[in-house]
Number of protein chains: 2
Amino acid sequence: MYRNEREHEIIKILSTEKYVTVKQLSTLLYTSESSIRRDLTSLENQGMVARSYGGVELVKNTSQILPFSTRAHHNIAAKKIMAKKAGSLIQDGNIVFLDQSSSAFFVAYELLKKSQITVVTNNIEIIALLSQSDAEVISSGGRLSRSNRNCLVGDDSHHIFSQIHADILFFSAKALSHDGIVYDCAREEVCVRNTMLANAGKKVLLCDSEKFGRTSGYRQCSVRDIDYLITERERQEVYTKFQELPQMIL
Amino acid sequence: MYRNEREHEIIKILSTEKYVTVKQLSTLLYTSESSIRRDLTSLENQGMVARSYGGVELVKNTSQILPFSTRAHHNIAAKKIMAKKAGSLIQDGNIVFLDQSSSAFFVAYELLKKSQITVVTNNIEIIALLSQSDAEVISSGGRLSRSNRNCLVGDDSHHIFSQIHADILFFSAKALSHDGIVYDCAREEVCVRNTMLANAGKKVLLCDSEKFGRTSGYRQCSVRDIDYLITERERQEVYTKFQELPQMIL
DNA sequence: TATATTTTTGCACGTTTTTGCGTATTACTG
DNA sequence: CAGTAATACGCAAAAACGTGCAAAAATATA
């Protein structure tokens, strides 16, 4: 992690000072500017600081140690709200399909509160999370996606989803158009999700309101094919946008 | 666990100080720097501390998201040596099978240095590691093992290994008896490994010398079935123990 | 208690890593 | 497009490291 004591000090200094110059650091830490620069190069490579000509500042959200959590989850607040709502649909003993979305990842957190759950997913991040839990966890297999390196895709990923019938599926998408078509941008991920849709009882779409009224590259399904739509907004706010929608959850 | 009182003290100091130098420790504990270094090597091998030039810090294995990446591995030094040797057997463009052992995890590190590699594994930890790399990564699928929560087992885990023929397989075991039988302790893991063995070109056993002359619950295979045996010791030292062995690597 | 055996310690020495300086290169500034 | 400042890079010196070895300490044995 840290190559030496100085790198610790630099981070400590940056936690109080917003921005420091290389010269200041070399004075403060009684060492040459060369050494400071070498430290900064290392810290930069680890994504801990952001350099600019003459100085450096701290990168926010330094909880990066792990390959995944570094990946910025966008709109976390919305996803947490949706996950809470999703939790109310899950019962002890359920078999749950979770897709490769980060929305589904937050639903996995809710699963930790339930008992006797079986989870089937192609999302590596979810498998890693649940490896600590006492849930039964089943991974789909397949090739690690190149575009979105936290999920398994390709022919081999379909197999398990067609072997198991889930009580409930939680999935997400890139876009939901006004005429009720669900879109995603990655061909292979749409394919796997189709197999999930075909083998699940309740089908639940997690879709934050940012995605309303848009389209994307590939058609996933229609809102008519699903049972529940979950957003981070209030039921009322959403009804005005889509007239003929299925039962929605708050 | 701890080899002496000092190692306990070092951990105690590290629980309050984030980072300490070797010099500080030798003063604090009234002993030579050599002895401190020996303690640190031991603690590092147990995965308890992370060293860097000049000092050490505590390993934080409290990471919630990815439980294993920082998890303590036993006998890390031996595994690193074996991984280095393993690396010399891997060529660019190879298809590599890696089993669920932590020895194989260290081999995965060596793969980061190669190009055009395809990795097939049932080890979640390896998939997580390589998700950052540009290697082609294929996961076996299956049920997350209850005994060893970082790997996939069961019927579904076999499929991929029988579909793909690997250039080389790296695997480990719990024991290697004097008459050349390789043993492991988990039934399900032995089964998957059998499928790997059946579908690999070169078969390479990673086995640190601690495991020599022992047995365990389930028979995996004979040394006659494998092509290379890698240990952390010198070739000479091992030859004296096993007379009729396959070509060994240093 | 005395003696043998094993383990630990500290020092010396060869190796590896880091450091800081000089210099070439690259990036901002007017 | 100069002129200056910051940075990157090569190299020799310094610091830190690992290891073998003999002395010391701890442990086992008689």
Side-chain angles (χ1 to χ4, degrees), chain A residues 1-11 13-14 17-59, chain B residues 1-14 17-59 75-85 87 106 109-110 113 208-210 231-237 250:
Chain A
M1 197 60 171
Y2 295 103
R3 294 166 51 237
N4 55 46
E5 173 148 39
R6 267 199 323 268
E7 298 192 0
H8 267 282
E9 290 298 321
I10 291 172
I11 297 296
I13 289 168
L14 279 170
E17 297 291 319
K18 199 177 168 196
Y19 185 92
V20 271
T21 66
V22 173
K23 197 165 283 181
Q24 287 175 320
L25 285 174
S26 77
T27 313
L28 242 46
L29 300 172
Y30 305 99
T31 185
S32 71
E33 296 189 13
S34 294
S35 294
I36 295 293
R37 289 205 180 88
R38 271 184 277 247
D39 294 339
L40 295 183
T41 306
S42 163
L43 290 170
E44 185 180 35
N45 288 339
Q46 294 174 58
M48 307 195 59
V49 302
R51 297 178 71 179
S52 58
Y53 234 69
V56 39
E57 65 183 315
L58 203 62
V59 167
Chain B
M1 205 60 169
Y2 296 106
R3 297 186 322 151
N4 55 42
E5 173 72 24
R6 263 200 326 267
E7 297 193 1
H8 200 83
E9 286 298 319
I10 291 173
I11 297 296
K12 213 191 290 181
I13 290 169
L14 279 170
E17 295 291 319
K18 205 172 172 193
Y19 187 95
V20 271
T21 65
V22 172
K23 199 166 281 179
Q24 287 175 322
L25 286 174
S26 77
T27 312
L28 242 46
L29 301 172
Y30 305 100
T31 185
S32 71
E33 296 189 13
S34 294
S35 295
I36 295 292
R37 289 201 183 92
R38 271 184 277 250
D39 294 339
L40 295 183
T41 306
S42 161
L43 290 170
E44 184 180 36
N45 287 341
Q46 295 173 57
M48 306 193 59
V49 302
R51 299 179 71 179
S52 59
Y53 236 71
V56 281
E57 64 182 314
L58 207 60
V59 166
N75 213 351
I76 289 177
K79 282 166 184 164
K80 282 184 178 169
I81 294 171
M82 294 195 289
K84 276 259 184 292
K85 295 180 182 180
F106 285 90
Y109 267 106
E110 296 298 315
K113 302 171 187 168
D208 64 69
S209 57
E210 259 184 11
T231 83
E232 87 284 14
R233 312 281 283 275
E234 295 290 325
R235 192 192 183 103
Q236 304 270 343
E237 303 177 81
L250 297 190

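Just so we're on the same page: letters track the sequence lines, and every chain starts at 1.
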For nucleotides 10-12 of chain D, which of its nitrogen or oxygen atoms have a protein nitrogen or oxygen under 3.5 Å away, and what is each distance?
none

N/O contacts under 3.5 Å, protein versus nucleotides 27-30 of chain C?
| unit_1 | atom_1 | unit_2 | atom_2 | d |
| --- | --- | --- | --- | --- |
| C/dA27 | O4' | A/Y53 | OH | 3.1 |

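By the side-chain contact (heavy atoms from CB on, under 4.5 Å) test, A/R6 pairs with A/N4, A/L29, A/T31, A/S35, A/I36, A/D39, sequence neighbours left out. Residues satisfying the side-chain hydrogen bond (donor to acceptor under 3.5 Å, both in side chains) criterion with A/Y53, sequence neighbours excluded, are absent altogether. Looking at residues two or more places apart in sequence or on another chain, you find no side-chain hydrogen bond (donor to acceptor under 3.5 Å, both in side chains) involving B/S34. Taking the side-chain hydrogen bond (donor to acceptor under 3.5 Å, both in side chains) definition, one finds that A/S26 meets it with nothing, sequence neighbours left out. A search for salt bridge (charged side-chain N to carboxylate O under 4.0 Å, His left out) contacts involving B/K84 returns B/E110, not counting sequence neighbours. With sequence neighbours left out, the salt bridge (charged side-chain N to carboxylate O under 4.0 Å, His left out) criterion links A/R38 to no other residue. Shown here are the side-chain contact (heavy atoms from CB on, under 4.5 Å) partners of B/L28, two or more places apart in sequence or in another chain: B/I13. B/S52 pairs by the side-chain hydrogen bond (donor to acceptor under 3.5 Å, both in side chains) definition with B/Y19, not counting sequence neighbours. A search for salt bridge (charged side-chain N to carboxylate O under 4.0 Å, His left out) contacts involving A/E57 returns nothing, not counting sequence neighbours.
Whole-Å rounding puts the A/E44 CD to D/dA8 C1' distance at 13 Å. Atom P of nucleotide D/dA16 and atom CZ of B/R37 are separated by 8 Å, given to the nearest angstrom. B/Q24 places its CD atom 12 Å from the P atom of D/dA16, with the value rounded to the nearest Å. One atom, CD of A/E7, and another, P of C/dT18, lie 10 Å apart when rounded to the nearest Å. In this entry the distance linking CG of B/D39 with P of D/dC17 reads 13 Å, nearest Å. Atoms CG (A/N4) and C1' (C/dT17) sit 11 Å apart, rounded to a whole Å. One can place CZ of A/R6 at 13 Å from C1' of D/dA16, the figure rounded to the nearest angstrom. Atom NZ in B/K23 sits roughly 8 Å away from atom P in D/dA15 (whole-Å rounding).
Within the 4.0 angstrom heavy-atom criterion, no nucleotide atom of any strand lies near A/S42.
Proximity of A/R51 to the phosphate of D/dA8: a side-chain N or O atom is located under 4.0 Å from OP1 or OP2.
The side-chain heavy atoms of A/R51 and A/T41, taken from C-beta on, include a pair separated by under 4.5 Å.
Remark: side-chain polar atoms of B/Q24 are not paired, donor with acceptor, to backbone N or O of B/V20 under 3.5 angstrom.
In the helix from C/dT1-D/dA30 to C/dG30-D/dC1, the terminal helix axes, each the rotation mapping four pairs' C1' atoms onto the next four within five end pairs, subtend 50°, rounded to 10°.
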